[in-house]
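Structure first, then comments.
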Amino acid sequence: MSTPTPDGALVMDYRIEVVTLPVADVDRAIRFYTGQAGFTLDVDYRPNDGFRVVQLTPPGSACSIQLGTGLTAAAPGSARAGYLVVADIEAAHRELAARGVPVSEVRHKKSVDWQGDFAPGADPRRRDYASFLDFADPDGNTWVVQERGFSAPSSSRRT
């Protein structure tokens, strides 16, 4: 599939569909991602002892993660700051914590002209891309969860 540019030229569409994570223990990673992080197990293919590919997908995502044996030479735990996007950072924090995921506290960009500094809690105005939390899998691969598209219940809308 191709997409037209403003000048009418066509460029090939490139979609990220799978990100490979290096892990030391595939079965432990499967338990964490399905049992705690809530991902769906899509594929667990092991044609021999030297090769295994496991694909898991976060709820609602068009992109999956892949882990296994014989997939990458990267050191287990070396994947950093993969982003997951949610519509409600506080609900995501409660859900992940209840599932036993060791999540950080929620934080938000301290100022509109963000200089890299944070303040505790969700962004008071719930602006897109302004609130975050972090967690790591058992190998140390890290994730940032970011809020985008928050919509307060009609009875508590902020102005």
Side-chain angles (χ1 to χ4, degrees), residues 1 3 11-47 51-110 114 116 118-154 156 158:
M1 185 104 192
T3 302
V11 293
M12 181 65 59
D13 288 344
Y14 293 86
R15 295 179 307 272
I16 296 175
E17 293 201 7
V18 178
V19 174
T20 302
L21 297 183
V23 299
D25 183 326
V26 175
D27 292 315
R28 179 182 69 183
I30 292 170
R31 287 190 303 275
F32 173 79
Y33 281 104
T34 60
Q36 291 180 267
F39 289 30
T40 299
L41 176 63
D42 304 317
V43 173
D44 187 349
Y45 175 68
R46 184 183 347 197
F51 183 76
R52 182 178 183 187
V53 61
V54 175
Q55 183 170 310
L56 304 119
T57 304
S61 181
C63 184
S64 301
I65 63 169
Q66 182 180 90
L67 45 93
T69 305
L71 297 178
T72 179
S78 62
R80 295 283 179 252
Y83 270 67
L84 297 169
V85 177
V86 298
D88 186 334
I89 197 75
E90 292 171 331
H93 187 274
R94 286 189 302 272
E95 180 179 295
L96 290 168
R99 289 171 161 267
V101 175
V103 292
S104 71
E105 292 301 318
V106 173
R107 68 187 185 286
H108 69 275
K109 293 177 180 177
K110 193 170 182 178
W114 190 49
F118 293 99
D123 179 71
R125 294 188 1 236
R126 301 305 281 268
R127 295 170 297 151
D128 285 349
Y129 312 106
S131 299
F132 309 85
L133 66 83
D134 304 284
F135 71 89
D137 72 12
D139 286 287
N141 296 303
T142 63
W143 293 94
V144 177
V145 181
Q146 180 180 53
E147 183 176 80
R148 181 172 47 105
F150 178 77
S151 179
S154 59
S156 64
R158 293 176 165 92

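Owing to the predicted nature of the structure, the values given are computational and were not obtained by experimental measurement.
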Identify the two heavy atoms, one from [X] and one from [Y], that lie closest to each other, and give their separation to 0.1 Å.
X	Y	answer
P138	R28	CB-NE, 3.5 Å
P22	N141	O-ND2, 3.0 Å
S78	A75	OG-O, 2.7 Å
V106	A122	CG1-N, 3.5 Å

How long is the gap from [atom1] on [X] to [atom2] on [Y], to the nearest 0.5 Å?
X	Y	atom1	atom2	answer
E90	S131	CD	OG	7.5 Å
T3	D13	OG1	CG	3.0 Å
L96	W143	CG	CH2	12.0 Å
E147	D88	CD	CG	6.0 Å

**Study point:** side chain to side chain contact (heavy atoms under 4.5 Å, CB included) between V144 and L84, worked out
**Key:** CA-CA 6 Å; V144 177; L84 297 169; over 6 Å; no

Check your understanding: Any chance NZ of K110 has more than 12 other-residue heavy atoms, nucleotides or ligands included, within less than 6.0 Å?
Key -> no

Check your understanding: Is the CZ atom of R148 crowded by more than 12 outside heavy atoms at less than 6.0 Å?
Key ->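 No, the 6.0 Å shell around CZ holds no more than 12 heavy atoms from other groups.
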
Check your understanding: Relative to each other, are the rings of F39 and Y33 parallel, tilted or perpendicular (30° and 60° limits)?
Key -> tilted

Side-chain donor-acceptor contacts of residues 63-70 below 3.5 Å, not counting sequence neighbours, with atom names and distances?
from	atom 1	to	atom 2	distance (Å)
S64	OG	Q55	NE2	3.3
S64	OG	T57	OG1	2.5
Q66	OE1	T20	OG1	3.3

For [Y], is there any backbone N or O sitting under 3.5 Å from a side-chain donor or acceptor partner on [X]?
X	Y	result
K109	Y129	yes
H108	G121	yes
R80	G140	yes
D139	V23	no

**Study point:** salt bridge (Lys or Arg N to Asp or Glu O under 4.0 Å) involving D134 - partner list, sequence neighbours excluded
**Key:**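 Residues passing salt bridge (Lys or Arg N to Asp or Glu O under 4.0 Å) with D134: R107.
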
Exercise for review: Could you pull out all residues at least two apart from R127 that satisfy salt bridge (Lys or Arg N to Asp or Glu O under 4.0 Å)?
Suggested key: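 Salt bridge (Lys or Arg N to Asp or Glu O under 4.0 Å) check on R127 returns D123.
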
Would you check if [X] and [Y] make a side-chain contact, meaning some heavy-atom pair closer than 4.5 Å?
X	Y	answer
V145	F135	yes
L133	E105	no
L56	T40	no

Practice item. Taking only Lys NZ, Arg NE, NH1 and NH2, and the carboxylate oxygens of Asp or Glu, determine whether D27 and R52 approach each other closer than 4.0 Å. Key: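 R52 and D27: salt-bridged.
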
